[in-house]
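Numbers here are sequence positions counted from 1.
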Amino acid sequence: MTTPINTFQDILDAMARDPQLAEQLRQHVLTRELLAMPAGLEALRAAVGEPGEGSGSLGDRLGQVESGLEEVKVSVDDLSTRTGDLRAATRLLESRSGNIDGDLYEERIIQQAIPRAHHLGVERARVAFAKKGLAPHQFHDAMSAAVANGSITQDEYTDLANTDLILRGTNGQHAVCEVSTGPDQEDLVRAIRRAAVLSRATGETVKPAVIAPAPTQEFRQQAENRGVAVMTIAR
């Protein structure tokens with residue numbers, strides 16, 4: 001006799017009485033679930049995206065970041081170049097400012113040195129030569145004659161013409177003066193060398209000297225040890 005199936009419990013009872021029926025039902029249900037899987041995967045793919053799609057987008061963004069970093073690097077390099085140019089221009093300006101300051105000081109001391117020249121043994125001093133002014137033609141005539149008679153060389157005459165100031169007194173004494181706002185050993189060397197040249201050219205006594213606004217005690221001692229006079233004239 002066949003038992004009617006009206007409820008889900010009737011299905012369960014039938015499966016209990018006939019294990020083969022349970023197996024058939026299981027296969028029937030699983031087959032439907034498997035058939036539904038492609039649709040589920042498609043839905044998942046739509047939600048997540050194709051494999052590699054996300055990495056591609058990330059790669060594009062990384063490329064944009066790298067491009068931006070390259071632009072920043074170019075800007076930094078350009079800024080560094082301009083900063084270097086500005087630094088060079090600043091050094092040039094400082095150098096020119098220093099030269100102007102030195103030139104103004106050299107021009108100022110010419111008249112200031114004359115009344116103080118007696119400290120150098122030069123009496124009633126006159127300007128024999130000034131690099132910042134027009135030197136009396138007598139100086140160049142005398143130096144040219146000294147070159148001609150072999151007392152000095154042409155190179156020594158040229159070097160002597162770079163002296164900042166040469167004073168000569170009525171007593172026949174000279175002072176070869178190097179002017180410096182920051183005196184150092186080179187000023188001493190030049191003063192000594194040029195004084196020796198002038199002495200050979202004129203046959204007269206020549207005192208090497210350095211004029212500075214604020215020579216240190218150490219520099220004064222070095223100058224004294226080398227027989228160079230130091231004259232202080234403020235800016």
Output yes when a side-chain donor or acceptor of N162 lies under 3.5 Å from a complementary backbone atom of K131, and no otherwise.
no
Short question: side chain of R168, backbone of A125 - any donor-acceptor pair under 3.5 Å?
no
Regarding R226 and Q185, is there a side-chain donor-to-acceptor distance under 3.5 Å anywhere?
yes
Tell me if a side-chain donor or acceptor on S199 pairs with a main-chain N or O of A195 at a distance below 3.5 Å.
no
Short question: side chain of D184, backbone of D187 - any donor-acceptor pair under 3.5 Å?
yes
Determine whether V176 and K207 make a side-chain contact, defined as any pair of heavy atoms from C-beta on separated by less than 4.5 Å.
no
Q173 versus E204, side-chain donor and acceptor atoms under 3.5 Å:
no
Note, H118 side chain near R124 side chain (heavy atom, < 4.5 Å)
no
I'd like to know if the side chain of Q221 reaches the main chain of E218, judged simply by a donor and an acceptor atom lying under 3.5 Å from each other, with no hydrogens or angles considered.
no
Side chains of M143 and L160: closer than 4.5 Å at any heavy-atom pair?
yes
Determine whether F129 and L167 make a side-chain contact, defined as any pair of heavy atoms from C-beta on separated by less than 4.5 Å.
no
Does CZ in R200 sit with more than 12 non-hydrogen atoms of other residues, nucleotides or ligands closer than 6.0 Å?
yes
Would you say the side chains of S151 and N149 form a donor-acceptor pair under 3.5 Å?
yes
Determine whether R116 and T232 satisfy the following criterion, side chain to side chain donor-acceptor pair (under 3.5 Å), listing intermediate values before the conclusion.
CA-CA 10 Å; R116 306 184 192 197; T232 301; over 6 Å; no
Are the side chain of D164 and the backbone N or O of V179 linked by a donor-acceptor pair below 3.5 Å?
yes
Would you call the rings of H140 and Y157 parallel, tilted or perpendicular, taking 30° and 60° as the class edges?
tilted
Provide the closest heavy-atom pair for I152 versus V197 in the form atom of the first, atom of the second, distance.
CG2-O, 3.5 Å
